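Report on the following structure.
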Amino acid sequence: MPRGDKSKYTDKQERKADHIAEGYEHRGVSEKEAERRAWATVNKDDGGGKKEGGSGRGKHTGNPAAHKGGRMGGKASGERQAASRSASAKKAAATSKRNDSHTHH
């Protein structure tokens with residue numbers, strides 16, 4: 001099987017890669033780079049293409065790439081000055097309070 005051959009992947013893995021690539025393209029990544037990243041993500045999640053043999057019910061891999069997003073979340077705000085973070089929190093609270101008056105339960 002030559003490098004880049006996708007014949008050993010399941011239909012579900014191909015759909016997953018297409019969906020991931022669309023997300024990257026939507027964020028401005030080139031089509032070729034989005035495709036490369038998408039297949040790298042599928043490989044990371046599922047350990048490559050379909051496996052030979054077995055009963056048809058695959059072992060769940062836990063989808064590690066799907067859970068990676070939250071790890072980076074607090075880094076940027078953690079590096080900011082305390083006063084800046086506090087100002088952002090106060091602004092958010094004011095916005096939330098203002099928007100609460102618009103909602104009719």
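Quick note: numbers below take in every heavy atom, side chains included, and nothing from hydrogens, waters or symmetry partners. These numbers were taken from a predicted model, which means no experiment stands behind them.
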Checklist entry - Tell me the side chain to side chain donor-acceptor pair (under 3.5 Å) pairs involving residues 82-97, sequence neighbours left out? => result Arg80-Ser84, Arg80-Ser88
Checklist entry - Between Asp46 and Lys16, is there a salt bridge with N-O shorter than 4.0 Å? => result yes
Checklist entry - Is the shortest distance from a Lys or Arg side-chain nitrogen in Lys32 or Glu35 to a carboxylate oxygen in the other one below 4.0 Å? => result no
Checklist entry - Which pair of non-hydrogen atoms, one from Ala38 and one from Ala21, has the smallest distance, and what is that distance? => result CB-N, 3.7 Å
Item to check | Heavy-atom pair with the smallest gap, counting every atom of Val29 and Ala34 | outcome: CG1-N, 3.7 Å
Checklist entry - So do the side chains of Arg37 and Glu33 get within less than 4.5 Å of each other, counting heavy atoms only? => result yes
Next on the checklist: With a 4.5 Å cut-off on side-chain heavy atoms, are Glu14 and Trp39 touching?
Outcome noted: yes
Checklist entry - Which distance, rounded to the nearest 0.5 Å, do you find between the CD of Glu22 and the CZ of Arg27? => result 12.5 Å
Checklist entry - About how many Å separate OG1 of Thr41 and CZ of Arg36, when rounded to the nearest 0.5 Å? => result 9.0 Å
Next on the checklist: I'd like to know if the side chain of Gln13 reaches the main chain of Thr10, judged simply by a donor and an acceptor atom lying under 3.5 Å from each other, with no hydrogens or angles considered.
Outcome noted: yes
